[in-house]
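Counting begins at 1 with the first residue of the sequence. Below, all heavy atoms of this structure are taken into account, side chains as well, without hydrogens, waters or symmetry copies.
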Amino acid sequence: MIPAFVNRAAGSAPAAKRALVEVGGFDVCEASPRELESRIRKALESAPERIVIAGGDGSVGTAAGVVCETDTALAVLPGGTLNHFARDHGIPTDPVLAAETAKGGEVSRADTAYVNDAIFLNTSSVGAYVAYVRFRDRAEKWVGYRIASLLAAIRMLLFMRPVALELDVDGQQLRYNTPIVFIGVGERETKSPTLGNRVPGGRQCLHLIVVRERRAARLLVVALDAAMRGLDSVARTPEIDSFMTDSCIIRMGGRRHHIAIDGEIVAHSMPLTYRIAKDSLRLVIP
């Protein structure tokens, strides 16, 4: 039996459990978000060939943090709002199809990344995006995810504050007064309609995008320009700097700052040390 862990706090939990039971061959365990890590660690004591995690990107990140650099493969039943990681790796979002993949799919390799000692699978960011996520999460309770996201984006553009930081990358020390720094796992698309997606077959790297323009109205124009023309053209303008690297360090004033990791807001001590961990995760794919 394949150990399968369902985040019971996820709205998709009932559908995930039904799909696992329907496909069969899984030892299903429902757990709260706080219990997931300890339950998965316990299961790894018997060195299973694969385990399953059912939940959103946060749950997937928790499971990946446990199984990374082990011989156990991770299978994913996507159950979040966006499911970036699953979509990037071609994992079905339909619960039954995902369960069938978890049972019979092949094992591939996926990159992960770390900021200090914290793993992330998709993106991390510094600056205005932190305020965006906080506002979106509060508003979502009243108006739903999509409208909350729109309201948060408008608020971010109207009240954006720059952050003074120093970036060490590829032997350079660069100083910025920037509203946002994004750090993506793997080379990223910046053309509509695949904005933010990994580039298929792209470079294994951390992809840093630093927005240099502080005026909100101009920033919106640059963002739209990036979506239409792609990063190659925009990166040559003074508004955006782009770096693809294996590691970097971000320093900001103060001892601790809140940053975003895969959509979650967490506090980290300075400096922020980012690194790519290539092929560190055994991942079950179709």
Side-chain angles (χ1 to χ4, degrees), residues 7 9-10 33-34 36-37 40 53 55-69 74 76 78-89 110-138 140 145 148-149 152-153 156 163 165 167-169 178-188 195-198 204-211 243-252 254-278 280-281 283:
N7 179 359
R34 290 184 178 182
L36 275 176
E37 182 174 346
I40 295 170
I53 182 68
D57 285 336
S59 301
V60 176
T62 297
V66 178
V67 304
C68 242
E69 308 290 358
L74 180 66
V76 177
T81 304
L82 299 176
N83 302 312
H84 285 302
F85 184 75
R87 293 179 186 276
D88 285 346
H89 293 281
D111 297 337
T112 63
Y114 290 84
V115 51
N116 297 340
D117 293 328
I119 192 171
F120 65 101
L121 304 178
N122 299 301
T123 61
S124 176
S125 64
V126 173
Y129 186 72
V130 173
Y132 166 87
V133 172
R134 285 175 161 173
F135 183 89
R136 183 198 67 195
D137 289 348
R138 291 196 302 269
E140 184 181 0
Y145 181 84
S149 297
M156 182 178 72
V163 176
L165 58 84
L167 173 64
D168 288 5
V169 58
T178 173
I180 305 174
V181 180
F182 278 105
I183 304 98
V185 181
E187 187 176 355
R188 297 283 161 160
L195 184 66
N197 290 358
R198 285 183 174 88
Q204 290 179 285
C205 64
L206 296 177
H207 195 159
L208 282 73
I209 299 175
V210 185
V211 177
F243 307 91
M244 285 185 280
T245 185
D246 287 345
S247 64
C248 69
I249 299 174
I250 294 177
R251 296 182 176 89
M252 296 182 285
R255 298 179 63 183
R256 290 174 69 82
H257 281 271
H258 285 89
I259 65 173
I261 301 178
D262 287 341
E264 302 290 331
I265 306 302
V266 293
H268 271 269
S269 299
M270 294 294 108
L272 302 172
T273 302
Y274 285 89
R275 63 180 175 88
I276 188 79
K278 298 178 182 179
S280 58
L281 178 65
L283 182 67

Report the residues that fulfil side chain to side chain donor-acceptor pair (under 3.5 Å) with [X], sequence neighbours left out, ordered by chain and then residue number.
X    : result
Y274 : S124
H89  : none
Q204 : D111, D279
R34  : none

Sorted by chain and number, sequence neighbours left out, ring-ring contact (aromatic ring centres under 6.0 Å, His included) with F182 holds for Y129
Taking all non-hydrogen atoms of both residues into account, name the closest pair between [X] and [Y] and its distance.
X    : Y    : answer
A128 : I180 : CB-CG1, 3.9 Å
V130 : S125 : CG2-O, 4.4 Å
V181 : T178 : CG2-CG2, 3.8 Å
N116 : S269 : ND2-O, 3.3 Å
T123 : G184 : CG2-CA, 4.1 Å
L206 : A113 : CD2-CB, 3.7 Å

Going from [atom1] on [X] to [atom2] on [Y], what distance comes out if it is rounded to the nearest 0.5 angstrom?
X    : Y    : atom1 : atom2 : result
L272 : L165 : CG    : CG    : 9.0 Å
L281 : E69  : CG    : CD    : 9.0 Å
R275 : T245 : CZ    : OG1   : 13.5 Å

Does the side-chain contact (heavy atoms from CB on, under 4.5 Å) test come out yes or no for I259 and F120, once each step is laid out? CA-CA 12 Å; I259 65 173; F120 65 101; over 6 Å; no
The criterion is side-chain contact (heavy atoms from CB on, under 4.5 Å); which residues satisfy it with [X], sequence neighbours excluded?
X    : answer
A148 : R136, A139, E140, V143
R251 : E166, D168, I249, P271
R138 : R134, F135
H257 : M252, M270

D137 meets the salt bridge (Lys or Arg N to Asp or Glu O under 4.0 Å) criterion, sequence neighbours left out, with none
**Prompt:** Who are the salt bridge (Lys or Arg N to Asp or Glu O under 4.0 Å) partners of E264, not counting sequence neighbours?
**Reply:**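 None.
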Only residue of D88, D262, N122, I276 satisfying side-chain contact (heavy atoms from CB on, under 4.5 Å) with V185 is I276
Within the 4.5 Å heavy-atom criterion, are [X] and [Y] side-chain neighbours or not?
X    : Y    : answer
L208 : L167 : yes
L36  : I53  : yes
I250 : I183 : yes

Only distances under 3.5 Å count here; give the side-chain donor-acceptor pairs of residues 57-68 to other protein atoms, sequence neighbours excluded, each with its distance to 0.1 Å.
unit_1: D57; atom_1: OD2; unit_2: H84; atom_2: N; d: 3.2
unit_1: S59; atom_1: OG; unit_2: N7; atom_2: ND2; d: 2.9
unit_1: T62; atom_1: OG1; unit_2: G58; atom_2: O; d: 3.1

